[in-house]
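Before any comments, here is the structure.
Order of the sequence lines fixes the chain letters, A, B, ..., with proteins taken first and strands second; residue numbering starts at 1 for each chain.
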Amino acid sequence: MFKKFALVAVSALALAGCNDQAGSSGASRDVISAVGSSTVYPFATVVGERFASATGMKTPKIESTGTGGGMERFCAGVGAAHPDIANASRRMKKSEFDKCVANGVKDIVEIQVGIDGIAVGESIDGPKFALTPQDLYKALAAEVEGKPNTAKTWQDVNPALPAVAISVYGPPSTSGTYDAFKELILLKGCEADPKMKAMKDADKDAFEKNCTTLRGAPYYVEQGENDNLMIGKLAKNPNSVGIFGYSYLEENLSKVRGITLGGVAPEYDAIASGKYPGARPLFIYVKKAHIGVIPGIKEYVTEFLKGAADGGYLKEKGLIVSPADVTAKANAAANGMTTLDGAELK
Amino acid sequence: MNNEPASDRFVDPTPTDWNSAEMQARIRKRYASERRFKFLGLTAVVASAAFLAFLLLVMLGNGIGGFSQTRIALPIDFETAPIGLDPDLIRSGSGEAALAGADFRGLVDYAATEAYGPGADAWFSGGAWEIVRARIAADPDILLGKATFDLPAASDIDVANKGDGGAVSERAVADLERRGVISKSFNSAFLTGGDATDPALAGIWGALKGSLLTMAVTLALAFPIGVLASLYLEEYAPQNRWTDIIEVSINNLAAVPSIIFGLLALAVFINFFGMPTSSPLVGGLTLALMTMPVIVIAGRNAIKSVPPSIRDAALGVGASRVQVVFHHVLPLALPGILTGTIIGMARALGETAPLLLIGMRAFIADPPAGLSDAATVLPMQIFLWSDEVDKGFVEKTSAAIIVLLVVLLTMNALAVYFRNRFEKRW
């Protein structure tokens, strides 16, 4: 009996060894592989499904790694082992582009697929805040005007606001939502301060550092990537303010409502037109060298733009359609597969 | 016994008065402390049992709905419906193309609006048309007349029918109930389908199969290597500094946080050996690294506890070292080794952290066909669904947790069965 057992064990080992060899020879792939932003992920997955049912090809594999992590993988090289598409909730950075080029990924097609809004929201039982980016900056920055921030309630920040203790739930520093919050809301609020504006002109790095270094708990509480959890926390703590993706606000209107920023509420039209401060573009980056090698990339991109068009199905999922000129540019880039010029990037 | 008198000299020779007040108080104190300890122990057991019961009840309560699916009957009259298909065309050579080109989505929307009024097209799941297409492909003759399809409802209708929806959906459900066309049935697609963006269509099979394949790789590697390593270390290895170092390293390895194994796997298996990312193969290798030390430690302890007299007896009747190990030591140690293995495998089954780094946090709709296909695993699927925007995924998340627990219990039951079969008493 133990001979039999040993035989089984050895053959299982041999089998595993076999597969090792089969795996490492994986030179080609018949599934599109996309990596990147967790904000683009829900849209990319829907497009993937539609693409599969329309063409009969395999459903693309879409990984949710965050924009930065996705770029890292995307830029690692050309070949079946590397992803074909990077999803991004911000534009590619110059440093990332340089890394791509250094690794042989020279031809990259940039397509803006839509806009995402970062909503600032509160529980429907909340005190009906009406904030400005400046209020948020003054409430959350670690240092205001060179002195440690002492504000305890919203009233300390702005006399017009209620005397409610400052408590903001926000994304962790690794997420794209956090980057966008810093860039779109905090920096804007900071700039409104004339002293900081002067600092920006003199020393840009110090300005950014000063404006975006946040206070810790109980003022700014990082909530992890899971936005559903944050909705639950807000419902339990009606005096708190939350920062999350617009699609979560739209889906949970029975529990939370948007807070106006500078008098503009986080609503579809206001975000699409750029009036609401918390709007950011969403991109997909396509590796041109993989087109024609990995089947279906072109069709996938076409499907994405079809879904992202005005009246397309991604609007139901919470994507905000980009303005006509941006859409036209995206379509042109997808049709001609025009590559990105690194000089354009920051 | 002979040095007893020496200490006896200092002992008070008067007998203990068990009835003195002082002694009685001492005895009472002793009993009280015993009762206290017993009570604390019982409280600990009750508390942990209560936590477990609470967890299971909450999961069952939330997740049981995930196994059922609201369906709405939809009559389609193909004579008036806007679809350019006929049975002969489908049976002809170009049938596939005709089916692929036809607008079934529009057909469902049209029929829903016809039957239940404007806005009713939103009541049906986004993937309902695929069911219509599949039935027409199987039986093209229904195109000639009227047919009624039992189609999955959209997730907000589904949630409302299970009693937690928005006002609009609740009204729609009430309307459908009045017409008697809404029903709830077992959702077999949940157990047989892959991941989907629509909760009505999402299934756990893809992740379950991924988990099973990953576990198979883990077991195939970690078990034999772990058992052989522990046999060598206990039965053959000389006691010197090298074996000490190896022993310490194995103990340390068992305590290393799992995410470190993920980084290792990313660097070695994926970047160096170029194995496919997100595959059960790489996942299994990673988890095998993590499980092996646990098996080695449990295996060594089990082998150590085999009485030396058994080895001596076997050697005494002329058995070789290999015969001693395989005929006597291993069979007696096997129950203990299996216990260690099951602890390691259970931990591996619930692991997500190292798999994040090798690309298993991904949307993968097609269940994996082999070890090198892209796959995800049960805990990762739970993690992904818990972050989904759609409310319908809340109960799917709990349902997936139930599936994970069932798999875990099955695995443990198997291990207990094998352990009892191999167990020998002497």
Under 4.5 Å from any heavy atom of chain B - which part of P60(A): backbone
Between S372(B) and R29(A), is the side chain to side chain contact (heavy atoms under 4.5 Å, CB included) condition met? List the steps. CA-CA 11 Å; S372(B) 54; R29(A) 173 156 54 79; over 6 Å; no
If you count the non-hydrogen atoms of other residues, nucleotides and ligands that lie under 6.0 Å from OH in Y268(A), is the total more than 12? yes
Check whether any side-chain heavy atom of E63(A) lies under 4.5 Å from a side-chain heavy atom of F363(B), and answer yes or no. no
So how far is it from F383(B) CZ to S64(A) OG, rounded to the nearest 0.5 Å? 7.5 Å
Test T277(B) against R73(A) for side chain to side chain contact (heavy atoms under 4.5 Å, CB included), laying out the working first. CA-CA 11 Å; T277(B) 52; R73(A) 294 260 306 276; 4.2 Å; yes
Okay, V46(A) and chain B: the region with an atom under 4.5 Å from a heavy atom over there is both
T59(A) and D366(B): which non-hydrogen atoms are nearest, and at how many Å? N-OD2, 3.0 Å
Looking only at S279(B), A216(B), G194(B), S278(B), the option with the highest number of non-hydrogen pairs under 4.5 Å against chain A is S278(B)
Once you round to the nearest 0.5 Å, how far does OH of Y41(A) lie from CG of L384(B)? 4.5 Å
Between T55(A) and chain B, with a heavy-atom cut-off of 4.5 Å, which part of the residue counts as in contact: side chain, backbone, both or neither? neither
More than 12 heavy atoms of other residues, nucleotides or ligands under 6.0 Å from CD of E72(A): is that the case? no
Nearest 0.5 Å, please: how far is CD in E130(B) from CD in E49(A)? 8.0 Å
Can you measure from OG1 (T65(A)) to CG (L357(B)) and round to the nearest 0.5 angstrom? 11.0 Å
Minimal non-hydrogen separation, R133(B) against S53(A), with atom names: NH1-O, 4.1 Å
At a heavy-atom separation under 4.5 Å, does S254(A) approach chain B through its side chain, its backbone, both, or neither? side chain
Pick one of side chain, backbone, both or neither for E388(B), based on which atoms fall under 4.5 Å of a heavy atom in chain A. both
